[in-house]
Amino acid sequence: MAKSTKRAAIYARVSTSDQSAQMQLDALREYAQRRGLKIVDECVDHGISGAKQSRPELDRLMDHAKKLKFDIVLVYRFDRFARSVKHLVVALEEFSSLGIEFLSYSENLDTSTPMGKAMFSIIGALSELERNIIVERSKEGQRRARARGKHVGRPRKDVDSDMVVFLRDKGMSLRAIGEKVGVSTTIVSRVLREAG
């Protein structure tokens, strides 16, 4: 079997600074060697929670992906790479649009295979379903709260309505009143409406 000349980038992450990413790196290097991949980059985030929005080495990996510096990304496990299913789907879509393959060693997901592509489609569909369920639950919760007479949205800011009315009666503009009492013109308008 002819060996591939695909360029691979490895991404590994450990949550605390006293942990080592060596086990992840060893497994991924061995896998790359078996597949005949040429490792051109290794990005390792140490002591960084998976929930963090910004991870320096992951950011560098994504930047290098946009510059097409490799053909395949190798990770040990999904949770070492993505902070959520949504994050995973977005990243995989970006890799796909760039023609970059993605392989998760533990889950045995390889987007270069028909089964891997099918699994990616299923993950994407589940992620969309999860988003839709969250939106529906949120809307239903808001509808029930309104039906019980509760305010939905940001808490209303306490405004001295007497002061607002007094300043309007003095001939001040809505903008000037808002600046004086520290609220937006929208809130000033609402206070004046409610004051009659």
Side-chain angles (χ1 to χ4, degrees), residues 11-19 43-67 73 75 77-98 100 102 104 107 119-196:
Y11 177 77
R13 180 184 62 79
V14 288
S15 302
T16 60
S17 52
D18 61 335
Q19 292 176 318
C43 303
V44 183
D45 278 314
H46 290 278
I48 295 182
S49 162
K52 290 232 173 165
Q53 290 279 358
S54 178
R55 292 183 252 159
E57 288 296 285
L58 180 59
D59 294 344
R60 184 169 73 83
L61 177 86
M62 297 308 287
D63 180 58
H64 285 186
K66 289 172 189 156
K67 293 172 181 167
V73 173
V75 301
R77 230 174 36 224
F78 286 149
D79 68 349
R80 298 294 88 199
F81 176 77
R83 62 182 172 273
S84 65
V85 173
K86 180 182 176 187
H87 177 229
L88 176 65
V89 169
V90 168
L92 291 185
E93 284 173 349
E94 185 164 356
F95 289 147
S96 177
S97 72
L98 295 167
I100 294 172
F102 179 87
S104 176
E107 288 90 1
M119 284 300 296
F120 171 58
S121 296
I122 292 167
I123 291 167
L126 290 174
S127 177
E128 187 175 347
L129 175 64
E130 180 184 46
R131 275 195 306 273
N132 291 339
I133 289 170
I134 290 167
V135 167
E136 285 305 312
R137 282 185 186 156
S138 177
K139 285 180 181 174
E140 180 61 20
Q142 290 173 6
R143 189 190 63 72
R144 286 183 181 169
R146 283 192 193 101
R148 290 193 303 270
K150 292 190 176 179
H151 173 74
V152 175
R154 280 190 260 177
R156 288 192 167 183
K157 198 167 185 177
D158 287 332
V159 182
D160 184 347
S161 54
D162 292 336
M163 175 61 77
V164 170
V165 172
F166 172 75
L167 294 172
R168 187 221 29 214
D169 291 345
K170 280 182 66 177
M172 287 180 77
S173 70
L174 296 181
R175 177 176 283 151
I177 295 170
E179 288 173 2
K180 183 86 172 163
V181 296
V183 296
S184 70
T185 54
T186 306
I187 293 174
V188 171
S189 296
R190 176 179 54 79
V191 169
L192 291 172
R193 255 194 332 273
E194 289 171 358

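Values below: all heavy atoms of this structure, side chains included; hydrogens, waters and symmetry mates excluded.
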Query raised in the report: Side chains of Phe102 and Leu88: does their closest heavy-atom pair fall under 4.5 Å?
Result: yes
Query raised in the report: Considering residues at least two apart in sequence or located in another chain, which fulfil the side chain to side chain contact (heavy atoms under 4.5 Å, CB included) criterion with Arg60?
Result: Asp41, Cys43, Glu57, His64
Report summary line: Scanning both residues in full, the closest heavy-atom pair of Glu107 with Phe78 reads OE1-N, 3.2 Å
**Report entry** Contact summary for Leu58 and Asp45, nearest pair of heavy atoms
**Finding:** N-OD2, 3.1 Å
Query raised in the report: For Glu94, which residues count as a side-chain hydrogen bond (donor to acceptor under 3.5 Å, both in side chains) partner, sequence neighbours excluded?
Result: none
Report task. Kindly assign one of parallel, tilted or perpendicular to the pair Tyr11 and Phe81, based on the angle between their ring planes and the thresholds 30° and 60°. Result -> perpendicular
Report summary line: So side chain to side chain donor-acceptor pair (under 3.5 Å) across residues 137-146, not counting sequence neighbours, yields Glu140-Arg143, Glu140-Arg144
**Report entry** Sidechain-backbone polar pair: Ser96 side chain, Leu92 backbone, donor-acceptor under 3.5 Å
**Finding:** no
Query raised in the report: From Glu93 CD over to Leu98 CG, what is the distance, rounded to the nearest 0.5 angstrom?
Result: 12.0 Å
Listed pairs under 3.5 Å, donor-acceptor, residues 167-181 side chains, sequence neighbours left out:
residue	atom	partner	partner atom	Å
Ser173	OG	Ala176	N	3.1

Query - Polar side-chain atom of Arg13 near backbone of Asp79 as donor-acceptor pair, under 3.5 Å - result: yes
Requested in this report: Using side chain to side chain contact (heavy atoms under 4.5 Å, CB included) as the criterion, list what pairs up with Lys67, not counting sequence neighbours.
Outcome: Asp63, Lys69
